[in-house]
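Encoded as structure tokens, the structure appears first; notes follow it.
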Amino acid sequence: MSSDPKHIVIIGGGIVGCSTAYYITHHPSFSPGTDKLTVLEASKHGVAQGASGKAGGLVARWAYPKELVNVSFEEHAKLAEQHNGKDRWGWRFVNCGSWEGRGDTAALDSGSGVGQGGKRKSLEKTLGLNPQDAPHARKSKGLPDDLLWVDEGLTDTYSPMAPTGHTAQVHPYLFTTSMMELAKEKGAELVLGRATGIEQKGAQITGVSYIDNDSVESKTLPATHVILSAGAWSPRVVDELPITGTRAHSVTIHPQPGVTIAPYVLFTEITLPVGARPRLVTPEIYARPDNEVYACGPGDDSALPDTVDEVQVDQEACESVWKHVASISQPLREGKIDKRQACFLPVVSAGGGPIVGEATSIAKGLYIATGHTCWGICNAPGTAKALSELILQGKIKCANLKKLHPSNFI
């Protein structure tokens, strides 16, 4: 690789962008005194304001695509060991199971499950699971001895979805902000502004134009390399990208003092006896280390706003999520709702993805890293490591990402 100074601009301060900033600045070929790395984030509140701060934080060996998962899971474990991820961003292994049963109508005044956002859409998080990998469920209902925060009387079946050690978690906001802080320690800079376009001379990238959040002036960041990792907003910068956004709502709940929530991630199928025709709802529930519980429902196809700061929260959708999980758990029903939130997940509209690699058909020096759907938290380290190798060593060595190359999508 050329030893000329590199001016690297990362568009998007989500988990992929901040993780990439970390891996590049910690790469032995990056020279803080010579090379420059800038993260450009559109939110006036800083990094991790979108899905990277509002997601569940699931990290799984059974996620997809395998090309990234096989790198990312091990990298998550290494990062946690190197930087005390257990205390800093809530890294831990968790149990993961499928729960099927009935909601308690005495405790539930059911919401619509959709809210005002548009057509209901599955987040398809369990597509990567291989049922043959799961251990055999116990006889009867199969509930583990320590899974006490769901009502046994409402349970029809519980079964593990993956072997022990194959599912972990992080707190996504804490992980993302930690990656940015660790990158700053190695010379990275954070600029708050909204990217408006890619600048190039001939076929070569030369910079990123943006509107500064404070001055509202149009400015340019010179660049030899540009990494576009703006999630669902990526097509606002490069309109050739086949990326759309799926809005997902979630709530966080803290149980009453003295109540302990065992470390389980549950994918539920809850039958609600609403009127004469029972209805099935499928919220996901994630127990977190600080006894916080995260729960999310299906996505919807509402329109993407101009910036992440303008994402609207549908209160009815959040209320439905809470009611559905509360219908099977007294500790959650009696707990306190701390956050009601929404975010947009970036989806490759052409299918497959994410898109990772150099988009030479648009400009030399332009790299794409978006379309991670519900697995952005899980696959950020693998994506970041691959990009750091590609930019600083000229070739991705950690994985074969040919299926994810931009030429397959644009």
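For this chain, numbers begin at 1 and follow the sequence in order. Keep in mind that what you see is a predicted model, and the values were worked out from it rather than measured.
- Note: Y286 and Y294 have perpendicular aromatic rings, judged against thresholds of 30 and 60 degrees for the angle between ring planes.
- Note: D239 CG to S234 OG = 12.0 Å, rounded to the nearest 0.5 Å.
- Residue N379 holds its CG atom at 10.0 Å from OH of Y64, rounded to the nearest 0.5 Å.
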Stepwise side-chain contact (heavy atoms from CB on, under 4.5 Å) test for T383 and L404: CA-CA 10 Å; T383 301; L404 309 181; over 6 Å; no
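- The CD1 atom of I8 sits 6.0 Å away from atom CZ of F30, with the distance rounded to the nearest 0.5 Å.
- Contact between I270 and S327 at its shortest, heavy atoms only, is CG2-OG, 3.9 Å.
- The two atoms that bring V39 and A21 nearest to each other are CG2-CB, 3.8 Å, heavy atoms only.
- Enclosure of atom CD in Q315 by more than 12 non-hydrogen atoms of other residues, nucleotides or ligands within 6.0 angstrom is indicated.
- Just one residue in the list T224, V208, L37, V191 forms a side chain to side chain contact (heavy atoms under 4.5 Å, CB included) with V9, and that residue is V208.
- For the atom pair OG1 of T176 and CD1 of I15, the computed distance is 4.0 Å after rounding to the nearest 0.5 Å.
- Residues forming a salt bridge (charged side-chain N to carboxylate O under 4.0 Å, His left out) with E100 (at least two apart in sequence, or on another chain): none.
- Between the side chain of T157 and the backbone N or O of G101, no donor-acceptor pair lies under 3.5 Å.
- Between G365 and E358 the shortest heavy-atom distance is N-OE2, 2.8 Å.
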From CA spacing to verdict: side-chain contact (heavy atoms from CB on, under 4.5 Å), L266, W149: CA-CA 11 Å; L266 299 185; W149 50 269; 3.6 Å; yes
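- Remark: side-chain polar atoms of S349 are not paired, donor with acceptor, to backbone N or O of T244 under 3.5 angstrom.
- The 12-atom threshold is not exceeded at CD of E152, counting heavy atoms of other residues, nucleotides or ligands nearer than 6.0 Å.
- Interatomic distance, CG of D314 versus CZ of R247, reported as 5.5 Å (0.5 Å rounding).
- For S209, the side-chain hydrogen bond (donor to acceptor under 3.5 Å, both in side chains) partners at least two apart in sequence or on another chain are T196.
- Between the N291 side chain and the H254 main chain, no donor and acceptor come within less than 3.5 Å of each other.
- In summary, the aromatic rings of F93 and W91 are positioned with their centroids under 6.0 Å apart.
- When all heavy atoms of V71 and C398 are compared, the closest pair comes out as CG2-O, 3.4 Å.
- With sequence neighbours left out, Y22 forms a ring pair (Phe, Tyr, Trp, His ring centres under 6.0 Å) with H26, H83.
- Here the side chain of Q49 pairs no donor or acceptor atom with the backbone of D309 at under 3.5 angstrom.
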Candidate pair L387 and Y23, rule side-chain contact (heavy atoms from CB on, under 4.5 Å), full reasoning: CA-CA 8 Å; L387 289 174; Y23 275 85; over 6 Å; no
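- Residues N213 and G193 share a closest heavy-atom pair of OD1-CA, 3.4 Å.
- For the residue pair D300 and S302, a side-chain donor N or O sits within less than 3.5 Å of a side-chain acceptor on the partner.
- Atom CG of L345 is separated from atom CH2 of W375 by 12.0 Å, given to the nearest 0.5 angstrom.
- A donor-acceptor pair under 3.5 Å links the side-chain atoms of H76 to the main chain of I377, judged by distance alone.
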Donor-acceptor contacts, no H, no angles, side chain residues 178-188, under 3.5 Å, sequence neighbours left out:
{"unit_1": "S178", "atom_1": "OG", "unit_2": "R88", "atom_2": "NE", "d": "3.2"}
{"unit_1": "S178", "atom_1": "OG", "unit_2": "L174", "atom_2": "O", "d": "2.7"}
{"unit_1": "E181", "atom_1": "OE1", "unit_2": "R88", "atom_2": "NH2", "d": "3.0"}

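- For residues 40-62, the pairs satisfying salt bridge (Lys or Arg N to Asp or Glu O under 4.0 Å) are R61-E74, with sequence neighbours left out.
- For the residue pair S250/Q341, the side-chain donor-acceptor check at 3.5 Å is satisfied.
- Within 6.0 Å of the CD atom in E334, the count of heavy atoms belonging to other residues, nucleotides or ligands exceeds 12.
- The number of heavy atoms from other shown groups lying within 6.0 Å of OH (Y173) does not exceed 12.
- Of the N and O atoms on the side chains of H45 and S43, not one donor lies less than 3.5 Å from an acceptor on the other residue.
- Take W99 and apply the ring pair (Phe, Tyr, Trp, His ring centres under 6.0 Å) test, not counting sequence neighbours, and it matches no residue.
- Heavy atoms only, all atoms of each residue included: N408 and K402 are closest at ND2-O, 2.6 Å.
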Audit row: N95, T167, side-chain contact (heavy atoms from CB on, under 4.5 Å) steps and yes/no: CA-CA 7 Å; N95 302 296; T167 311; over 6 Å; no
